[in-house]
2 protein chains.
Amino acid sequence: MAARTAYHHGDLRRTLLDAALDLIAEQGVAAVSLRGLARRAGVSHAAPAHHFTDKAGLFTAIAVEGHHLLADAMTAGTAAGGGPGHGARGAGDGDGTDAPAAVLRELGVRYVRFALDHPAHFDVMFRLDLCRADDPGLAAARERSGALLNSAVPGGPHGPRRRGYVLAAWSVAHGFATLWREGSLARSVGDGTPENYFEEAADVLFAPADPPAAG
Amino acid sequence: MAARTAYHHGDLRRTLLDAALDLIAEQGVAAVSLRGLARRAGVSHAAPAHHFTDKAGLFTAIAVEGHHLLADAMTAGTAAGGGPGHGARGAGDGDGTDAPAAVLRELGVRYVRFALDHPAHFDVMFRLDLCRADDPGLAAARERSGALLNSAVPGGPHGPRRRGYVLAAWSVAHGFATLWREGSLARSVGDGTPENYFEEAADVLFAPADPPAAG
DNA sequence: TCCCGAATCTTGTCATTGACAAGATTGCGG
DNA sequence: CCGCAATCTTGTCAATGACAAGATTCGGGA
């Protein structure tokens, strides 16, 4: 890579974020240092401070971006950003109006796909000890991605048994993604794709052997 | 705390581990430093090196201990350490031989309880980027705790649909524990206990509204 | 078109950390 | 009782995060 000669980098913030994401995906969060990222971007050791203030600021920016990307992934392909209702793939009924269970299942598949496609974002998003926990942008982004799962259940998140569904759906997606990412699941199953395995797990929740009573 | 006067601490390894666990539970993994732990234990900055070689050695020791504690928690109260079959609390049948679903449910409850009771261990156990990933003791400990979930399903872990159950059971327990620990779930539910909420989620898997077909 | 100031950098410094080396102390086994 | 391994202490160096002071330049306003 040719050494940079201009004083102004041009897009140092994005460059540093991308360098951090690559490093995290390869070597984990613990490998990140501001000076290392600055070297990689070809700037002085203090240049990142202007864009992120400090190391916690860098991780906060990654977490905020991750929550928004996740929320986008969970709403892609839908009208008014309400969720994957229309056109969603899932074990739902065929009349065009998806059962809530099918919507939750599809959200779970997208959650796991997000984690696999954005491993570094996913690793950082739930590491509040690395972030500025009181950052308003982070709180808003977390709220946005969390609310989507709650909104997917008809009757609101406080209906009977529906809270159990939301907790189960979110937990199984997050747990699967985390354990797959860390290697525990991959070690104990065969060599299929993680998405296929996740769908096996999701079908335990959403497509039981005996179909549930209507309602 | 009175300053230590003897040259030999007596049980420095345990003291450093406990200091690290307290710090992690309070401020997160990122707050740990070997020198900080040494000060807390009243020894010189290089004393920890004898017990752990380096920082990765400290985290590896915590992860190994955690996996064994988790395995112990999941086998407590059973004969021959095979799982919580006899005397387990759960939505199982009453004839003394627990349904596999009830056993998985009870394992999940214990998994979450472990995470809540040992937050620092739980945080470190799945952070391979902090550990010596090739440590044989760590590999064995991970194998032990992971195998328990696989062994709980009759027909072995490769039976039809049973792999989905194991993946779902492990994922929902791990996901719930991680998200609760991080605060995402607590923010979106009321003020019940985490165990009660987990049981709501677990019942979606293991106690569906319509009981599953026999077999 | 020019000027000024904000944005964006560079260089330097200091405290802290991890890792390593050399040496001191002591408890336990032979 | 002695020797050695285990367990420490003191010191050093490179790297890091944070902060300060100053340099450069780009864009907006007069």
Side-chain angles (χ1 to χ4, degrees), chain A residues 1-20 23-24 26-63 124 127-135, chain B residues 1-20 22-24 27-63 124 127-135:
Chain A
M1 169 174 74
R4 185 175 59 87
T5 52
Y7 188 94
H8 277 236
H9 180 280
D11 198 1
L12 182 57
R13 186 180 191 279
R14 184 71 256 162
T15 300
L16 293 169
L17 285 169
D18 289 341
L23 191 55
I24 293 165
E26 288 162 22
Q27 301 179 37
V29 168
V32 169
S33 77
L34 291 176
R35 291 197 185 215
L37 297 178
R39 274 195 301 276
R40 210 159 155 164
V43 294
S44 66
H45 60 268
H50 174 74
H51 299 278
F52 301 109
T53 305
D54 55 14
K55 198 174 183 182
L58 171 77
F59 283 127
T60 302
I62 291 175
V124 172
R127 290 290 311 276
L128 293 188
D129 61 320
L130 297 175
C131 300
R132 290 207 205 93
D134 58 351
D135 184 273
Chain B
M1 171 175 73
R4 182 173 61 85
T5 51
Y7 188 96
H8 276 237
H9 180 280
D11 197 4
L12 182 58
R13 186 180 190 278
R14 184 73 256 161
T15 299
L16 293 168
L17 285 169
D18 290 341
D22 288 345
L23 191 57
I24 293 165
Q27 302 178 35
V29 168
V32 170
S33 77
L34 290 176
R35 292 199 183 212
L37 298 178
R39 275 196 299 275
R40 210 158 156 167
V43 294
S44 66
H45 60 269
H50 175 72
H51 300 279
F52 301 108
T53 305
D54 55 15
K55 197 173 183 182
L58 171 76
F59 284 126
T60 301
I62 291 174
V124 172
R127 290 290 311 278
L128 293 188
D129 61 319
L130 297 175
C131 299
R132 292 208 201 93
D134 59 350
D135 185 274

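Residue numbering restarts at 1 for every chain, and letters A, B, ... go by the order of the sequence lines.
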Has the side chain of B:H8 got a donor or acceptor atom that lies under 3.5 Å from a matching backbone atom of B:G10?
no
For atom CG of B:L37 and atom P of C:dT17, their distance in whole Å
10 Å
Here the distance between atom P of C:dG18 and atom CG of B:L130, to the nearest Å, is 12 Å
Taking all heavy atoms of A:V29 and all of A:R127, pick out the closest pair and write down the distance.
CG1-NH1, 4.2 Å
Kindly give the heavy-atom pair with the smallest separation between B:A47 and B:L12, and that separation in Å.
CB-CD2, 3.8 Å
Tell me which residues in residues 46-57 of chain A put a heavy atom below 4.0 Å from DNA chain C, sorted by number, or none.
A:A46, A:A47, A:H50, A:H51
Shortest non-hydrogen contact from A:F52 toward A:R132
O-NH2, 3.3 Å
Take atom CG of B:L12 and atom P of C:dG27, then tell me their distance rounded to the nearest Å.
15 Å
If you compare all heavy atoms of B:A20 against all heavy atoms of B:L58, which two are closest, and at what distance to 0.1 Å?
CB-CD2, 4.4 Å
Please report, rounded to the nearest Å, how far the P atom of D:dA6 is from the CG atom of B:D11.
17 Å
Would you say the side-chain atoms of B:T60 pair up with the backbone N or O of B:C131, donor to acceptor, closer than 3.5 Å?
no
For the pair made of OH in B:Y7 and C1' in D:dC8, what is the distance, rounded to whole Å?
3 Å
Do you know which two heavy atoms are closest between A:V32 and A:L23, and how far apart they sit?
CA-CD2, 3.9 Å
Within this structure, what is the CG-to-P distance between B:L34 and D:dT9, rounded to whole angstrom?
14 Å
Once you round it to whole Å, what is the distance between P of D:dT7 and CZ of B:R14?
15 Å
Can you see if the side chain of B:S44 gets near the phosphate of D:dC8 - specifically, an N or O under 4.0 Å from OP1 or OP2?
no
Suppose we call a contact any N or O donor and acceptor under 3.5 Å apart; does that hold for the side chain of B:H45 and the base of D:dG11?
yes
Are OP1 or OP2 of C:dT17 and a side-chain N or O of B:R39 less than 4.0 angstrom apart?
yes
What is the distance, rounded to the nearest whole Å, between atom NE2 of B:H9 and atom C1' of C:dA24?
19 Å
